[in-house]
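Both counts, for ligands and for their atoms, begin at 1 and track the order of listing.
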Amino acid sequence: MEVIIVPNAQEGSDVAARLVARQVREKPDSVLGLATGGTPCKLYQLLARMHRSDHLDFSRVTTFNLDEYLGLDPAHPASYHRYMEENFFSQVNIARGHIHIPDGLAGDVAAHCVAYERMIRDAGGIDLQILGLGSDGHLGFNEPGSSLASRTRIKTLTERTRCDNARFFTNPCDVPHHVITMGLGTIMESRMCLLLAFGSGKAQAVAASVEGPVTASVPGSLLQFHTRAKVILDAEAASLLARAAYYQWVYKNKPEWQTDL
Ligand code: GLP
């Protein structure tokens with residue numbers, strides 16, 4: 001796990017955008033795993049800007065989103081379909097047929113989840129998975145207690161997550177209880193994971209994920225088992241890390257041969 005601490009969310013999003021851009025330039029038909037929520041908004045803006053001004057080409061890229069609320073129409077203002085359309089897909093030249101987001105209106109949810117997993121496999125697996133972190137340590141919508149081997153499936157949100165996400169809904173009571181999410185096992189099969197966390201509200205979950213024991217009680221901690229996970233934090237999100245100074249030294253003093261940013 002590489003921990004990258006930068007002063008603020010803007011710089012963290014810059015680092016993440018450079019990594020995603022490099023992935024897409026090196027492998028134009030990359031498969032990207034995408035996240036929603038407040039955290040990756042700036043990252044999507046930067047990628048859209050790179051598309052407009054630096055010819056970053058998404059035409060051969062395939063995407064799989066982590067999750068979606070069950071029961072929300074794609075046109076609902078708080079749906080992740082709508083979020084992705086507004087924040088990213090409408091801003092870049094991605095081919096419509098290459099976009100995959102779990103269907104919140106799927107009639108047969110179990111069959112839909114199996115098909116989603118199959119589509120990820122058929123696409124060759126996810127090259128780079130962007131992740132945010134819930135204040136309770138969740139990844140995607142894998143709430144604490146989720147099986148560490150889980151696959152795409154239906155999950156029930158905790159009250160804490162429903163409250164955290166209420167800001168995206170006109171009426172807080174409308175936050176659905178149920179969602180479809182890629183599983184932790186699905187996420188762990190991505191060839192690279194890029195976890196972003198900004199703000200003091202994430203500090204506890206970050207410390208537990210990065211320096212605590214690996215446990216289903218903190219889904220983010222599973223990334224300690226990933227061979228290529230980068231955690232990009234602003235100063236506030238990193239504020240409870242015991243080894244913050246060490247991570248910062250390592251990042252600033254990377255030997256030249258370590259071209260990995
Ligand atoms: C939501 C999403 C996650 C996201 C997390 C953090 O529940 N399902 O994918 O990473 O919450 O959200 P935010 O970035 O808004 O803090």
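- In terms of modelled atom types and a separation under 3.5 Å, the side chain of T158 and the main chain of T161 share a donor-acceptor contact.
- Counted within 6.0 Å of CD on E11, heavy atoms from surrounding residues, nucleotides or ligands total more than 12; the atom is thus considered enclosed.
- Among G38, G201, G37, G140, the residue whose heavy atom lies closest to atom 3 (C) of ligand 1 is G140.
- Between the side chains of H81 and E68, a donor-acceptor pair is found at a separation under 3.5 Å.
- Residue R162 places every heavy atom at 4.0 Å or more from ligand 1.
- Between T161 and ligand 1, a contact under 3.5 Å exists for no N or O pair.
- Proximity of Y69 to ligand 1, defined as any heavy-atom pair under 4.0 Å, is not found for any part of the residue.
- Among all protein heavy atoms, the one lying closest to atom 8 (N) of ligand 1 is D67 OD2, 2.8 Å.
- Atom CZ of R25 is surrounded by more than 12 heavy atoms from other residues, nucleotides or ligands within 6.0 Å.
- The shortest separation from a heavy atom of F198 to ligand 1 is not under 4.0 Å, leaving the residue out of contact.
- Taking the centre of each ring, F88 and F58 come in below the 6.0 Å mark.
- Taking atom 4 (C) of ligand 1 as the reference point, the nearest protein heavy-atom neighbour is T36 O, 3.9 Å.
- Summary of contacts: the protein heavy atom closest to atom 14 (O) of ligand 1 is T39 OG1, 2.4 Å.
- A salt bridge links E85 and R96; the closest N-O separation between the charged side-chain nitrogens and carboxylate oxygens is under 4.0 Å.
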